[in-house]
Amino acid sequence: MPEEAGFPPAKKFRPSAGPPSRARSCPPGRRAVMLLAAGAGGGGGGRRQQPPLAQPSASPYPEAVEQQRRNLPIFQARGQLLAQLRNLDSAVLIGSGKTTQIPQYLYEAGIGRQAIIAVTQPRRVAAISLATRVSDEKRTELGKLVGYTVRFDDVTSDDTKIKFLTDGMLLREAISDCLLRKYSCIILDEAHERTLHTDVLFGVVKAAQKRRKELGKLPLKVLVMSATMDVDLFSQYFNGAPVLYLEGRQHPIQIFYTKQPQHDYLHAALVSVFQIHQEAPSSHDILVFLTGQEEIEAMSKTCRDIAKHLPDGCPSMLVLPLYASLPYAQQLRVFQRAPKGYRKVIISTNIAETSITITGIKYVVDTGMVKAKKYNPDSGLEVLAVQRVSKTQAWQRTGRAGREDSGICYRLYTEDEFEKFEKMTVPEIQRCNLASVMLQLLAMKIPNVLTFDFMSKPSPDHIQAAIAQLELLGALEHRDGQLTLTPMGRKMAAFPLEPKFAKTILLSPKFHCTEEILTIVALLSVDSILYNPPSRRDEVQSVRKKFVSSEGDHLTLLNVYRTFKNTGGNKEWCKENFVNSKNMMLVAEVRAQLRDICIKMSMPIVSSRGDTESIRRCLAHSLFTSTAELQPDGSYATTDTHQPVAIHPSSVLFHCKPACVVYTELLFTSKCYMRDLCVVDAEWLYEAAPDFFRKKLRTARN
DNA sequence: GAGCACTGC
């Protein structure tokens with residue numbers, strides 16, 4: 001074992017259930033408990049294992065499919081499970097390998113047949129692949145009995161009874177029907193991830209269930225599914241719902257901690273990788289968790305360099321970086337089998353923790369660090385910082401080593417350090433701007449949004465900051481002591497956008513530039529279309545010159561999009577111009593969706609025909625809360641709070657000194673950076689919001 | 001003067 005890291009003897013545990021002391025016994029005091037033996041039966045285990053977009057194949061032998069379903073460990077509990085679920089309003093299910101089977105069991109037993117059974121997922125690919133798989137198992141065409149709904153893609157019909165959908169999509173549906181009348185049963189899967197949308201859905205679904213009961217309508221059954229044991233909160237929240245344990249198949253994983261704390265986790269990771277590399281058979285792949293692109297690219301290069309000079313008899317090494325902004329074709333390489341005699345070493349962000357599942361991983365090296373966003377409601381500032389993972393996250397990483405067979409996990413921290421990690425990751429709802437969430441809840445006509453029944457309540461300051469932001473955008477009014485949406489607010493809620501971007505679109509007809517604003521907002525609402533490989537920086541700069549606008553990033557991006565469209569945009573063009581084609585395609589889809597919404601609202605859609613000033617005026621009028629001015633000493637400060645800020649190095653204005661800018665995002669990394677800037681006239685801002693600036697200037701002087 | 005974890009509508 002790596003000497004410098006100083007690993008003591010291993011500990012064994014079973015991954016999906018957390019620490020061993022709790023894995024095999026159920027906490028006392030449960031009303032209903034079910035335990036299944038691990039390791040029984042064949043078949044696929046019911047969990048998605050294929051890479052994104054891989055097509056799960058239908059078995060040519062239908063009987064075989066049915067036999068496979070019967071062989072799943074969960075099948076033994078089917079009768080007992082159904083007997084309980086039939087009579088319950090709500091239940092919490094723990095364990096793995098159940099997402100494909102539970103909805104089928106319910107349907108086959110005639111539970112929830114009066115309407116649709118919904119299964120929500122945090123991610124699109126999961127909703128699509130699960131629906132595909134279940135429709136195969138039912139031997140029906142996808143979109144008939146079993147279908148899915150995700151943004152831009154609705155594969156359902158009047159026959160659909162089992163519907164997989166993203167939780168964000170179900171939340172959208174709740175805006176037009178907050179009682180969710182289409183559904184008899186809602187299964188909230190991957191609840192342990194506590195994504196923003198899942199957390200809001202908890203509240204919306206609970207309210208719908210209660211209201212339907214009061215009105216004597218079709219009852220709504222709610223099942224919460226979690227892969228981890230920390231479910232007390234779920235059970236309490238859903239009125240003490242019973243917890244059912246379903247132990248799935250899992251493989252033992254040995255864990256090694258370091259003897260000493262590691263001050264340099266990158267060096268420790270490097271040492272561990274090469275220790276494993278020199279000892280283990282080449283077919284055993286390694287997955288390393290680091291925090292970000294730069295770190296990962298640097299470590300990849302170092303690994304490749306060292307691997308060139310290893311002694312004879314050592315396997316070759318195939319080093320593969322993995323992070324979200326990596327072009328799709330390069331991401332796919334992690335799924336390919338390495339050539340004979342090569343070991344795959346995948347160096348990844350936490351994208352490999354949940355979003356991407358790679359088969360064949362035998363070793364996990366966990367640095368215990370993650371880059372994550374925090375939000376400060378006082379300043380409205382988002383801080384992106386490297387920090388310790390939570391225990392839950394560490395278990396999740398460890399589990400990645402035991403998906404097909406037993407595995408080994410090296411934790412580059414001591415056991416004492418691990419014990420001091422936070423138990424759970426802070427739910428997203430407590431670390432992000434809540435303006436969108438509040439707008440959506442108000443659009444659902446939920447009575448007291450300020451006291452909404454969240455499972456993990458955000459602080460009152462946090463909610464108040466979101467309300468204040470919506471007020472500034474003109475979305476709210478106080479009527480009869482209640483907060484309600486203005487007509488503007490209702491229109492804003494129709495767009496799948498941050499409220500300030502929805503406002504930008506709604507203001508654009510006044511400036512006769514809706515065509516351009518639709519493009520700009522679409523560009524801002526997806527990940528950057530610009531691909532910046534650090535090793536080819538000079539090349540990127542010279543290619544990008546032709547698009548650059550001295551008026552800022554918004555207009556530069558608009559130029560890239562226009563050129564892409566005018567040259568009949570294809571992947572070849574994207575590659576030559578360092579444009580991420582996947583994101584570019586997405587921009588076109590988003591734009592079309594936003595345009596449709598405008599048309600439904602009977603908004604006039606006109607172009608400014610080359611007049612860029614009107615576009616900048618429109619941005620100034622909608623983003624007036626996010627502005628900064630040049631100070632006498634050459635630095636920048638925000639107009640409202642005089643927070644010192646700097647132009648982000650990715651901006652086309654990085655080397656320029658415009659007097660006044662609007663930005664779309666403030667991000668604190670090593671400094672407080674403004675991202676996506678547009679040059680504006682200070683006068684336009686005062687014109688846009690005279691009250692706001694008068695008040696701000698006064699407080700600033702005091 | 002020098003940099004951006006991950007989803008989703």
Side-chain angles (χ1 to χ4, degrees), chain A residues 52 120-127 149-154 165-176 190 193-201 289-298 322-326 348-356 369-374 382-387 389 393 396 425 428 431-432 436-437 439-440 443 492-499 501-502 522 525-528 530-532 534 537 586 589-590 593-594 597 633-636 644-651 653-657 665-676:
Chain A
T120 69
Q121 294 292 319
R123 285 169 291 277
R124 294 166 52 93
V125 280
T149 306
V150 297
R151 191 182 188 184
F152 311 127
D153 204 1
D154 181 7
L165 72 178
T166 44
D167 39 25
M169 205 69 219
L170 187 58
L171 216 46
R172 276 272 131 206
E173 288 187 12
I175 293 180
S176 44
E190 310 283 9
E193 288 189 25
R194 303 295 308 273
T195 67
L196 179 66
H197 287 158
T198 318
D199 263 26
V200 180
L201 260 189
F289 284 101
L290 299 186
T291 68
Q293 173 177 347
E294 209 177 290
E295 227 175 59
I296 287 168
E297 291 292 353
L322 180 63
Y323 45 87
S325 61
L326 197 67
S348 174
T349 58
N350 48 345
I351 193 171
E353 233 172 70
T354 50
S355 308
I356 292 182
M369 305 305 282
V370 67
K371 201 178 279 183
K373 211 180 241 182
K374 292 179 193 166
E382 293 175 325
V383 181
L384 191 61
V386 172
Q387 48 196 297
V389 296
Q393 259 179 309
Q396 182 74 29
T425 314
E428 199 183 353
R431 6 175 217 111
C432 68
S436 291
V437 169
L439 185 67
Q440 282 183 345
M492 282 164 62
F495 289 93
L497 293 169
E498 274 181 58
F501 292 143
S525 70
V526 307
D527 281 343
S528 179
L530 306 178
Y531 174 53
N532 300 311
R537 198 176 293 175
L586 193 58
E589 278 193 292
V590 171
Q593 187 190 24
L594 300 177
I597 296 170
D633 68 354
S635 70
Y636 283 87
V645 289
I647 298 176
H648 195 278
S650 67
S651 171
L653 297 177
F654 184 52
H655 292 289
C656 310
K657 295 248 178 246
E665 191 185 28
L666 270 191
L667 189 66
F668 196 100
T669 49
S670 60
K671 260 192 221 172
C672 192
Y673 285 109
M674 303 178 276
R675 284 168 67 175
D676 295 322

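By convention in this document, chain letters (A, B, ...) are assigned in the order of the sequence lines, proteins followed by strands, and residues within each chain are numbered from 1.
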With a 4.0 Å cut-off on heavy atoms, is A:Tyr673 in touch with a base, just the backbone sugar-phosphate, or nothing at all? sugar-phosphate

Whole angstroms only, please: what is the CD-C1' distance between A:Glu294 and B:dA2? 10 Å

Taking only residues two or more places apart in sequence or in another chain, which ones pass salt bridge (charged side-chain N to carboxylate O under 4.0 Å, His left out) with A:Glu382? A:Lys373

Is a side-chain donor-acceptor pair under 3.5 Å present for A:His197 with A:Thr195? no

The residue among A:Thr354, A:Thr166, A:Asp167 that forms side chain to side chain contact (heavy atoms under 4.5 Å, CB included) with A:Arg123 is A:Thr354

Give A:Ile351 one of three labels, base, sugar-phosphate or nothing, depending on what nucleic acid heavy atoms sit under 4.0 Å from its own. sugar-phosphate

Please tell me which of A:Gly292 and A:Gly168 maps to the more 5' nucleotide of DNA chain B, matching each residue to the nucleotide holding its nearest heavy atom. A:Gly292

Output all residues satisfying salt bridge (charged side-chain N to carboxylate O under 4.0 Å, His left out) with A:Arg431, sequence neighbours left out; order by chain, then residue number. none

Over 12 foreign heavy atoms within 6.0 Å of CD, A:Glu294: no

Hey, is the side chain of A:Thr349 poking within less than 4.0 Å of OP1 or OP2 on B:dC6, counting only N and O atoms? yes

Touch check for A:Thr354, heavy atoms < 4.0 angstrom, all strands: base, sugar-phosphate only, or nothing? nothing

Tell me what A:Arg194 touches on the nucleic acid: a base, only sugar-phosphate, or nothing, going by heavy atoms under 4.0 Å. nothing

Nearest to the side chain of A:Arg123 - B:dT7, B:dA5, B:dC9? B:dT7

Nucleotide B:dG8, atom C1' - distance to NE2 of A:His197 in whole Å: 5 Å

Let me know the distance between CD1 of A:Ile175 and C1' of B:dC9, rounded to the nearest Å. 9 Å

Take the protein atom CD of A:Gln387 and the nucleotide atom P of B:dC6, then report the distance between them rounded to whole Å. 14 Å

Could you check whether A:Thr166 gets within reach of a base, just the sugar-phosphate, or nothing at all, counting any heavy atom under 4.0 Å? sugar-phosphate

For A:Thr195 and B:dG8, is the shortest distance between a side-chain N/O and OP1 or OP2 below 4.0 Å? no

CE of A:Met674 versus P of B:dA2: gap in Å, rounded? 15 Å

5' precedence on DNA chain B between A:Arg675 and A:Cys656 (nearest-nucleotide basis): A:Cys656

Whole angstrom value for the distance that separates P of B:dG3 from CD of A:Glu665: 16 Å

Give A:Glu353 one of three labels, base, sugar-phosphate or nothing, depending on what nucleic acid heavy atoms sit under 4.0 Å from its own. nothing

Whole angstroms only, please: what is the CG-C1' distance between A:Leu653 and B:dA2? 15 Å

Nucleotide B:dC6, atom C1' - distance to CG of A:Asp167 in whole Å: 14 Å

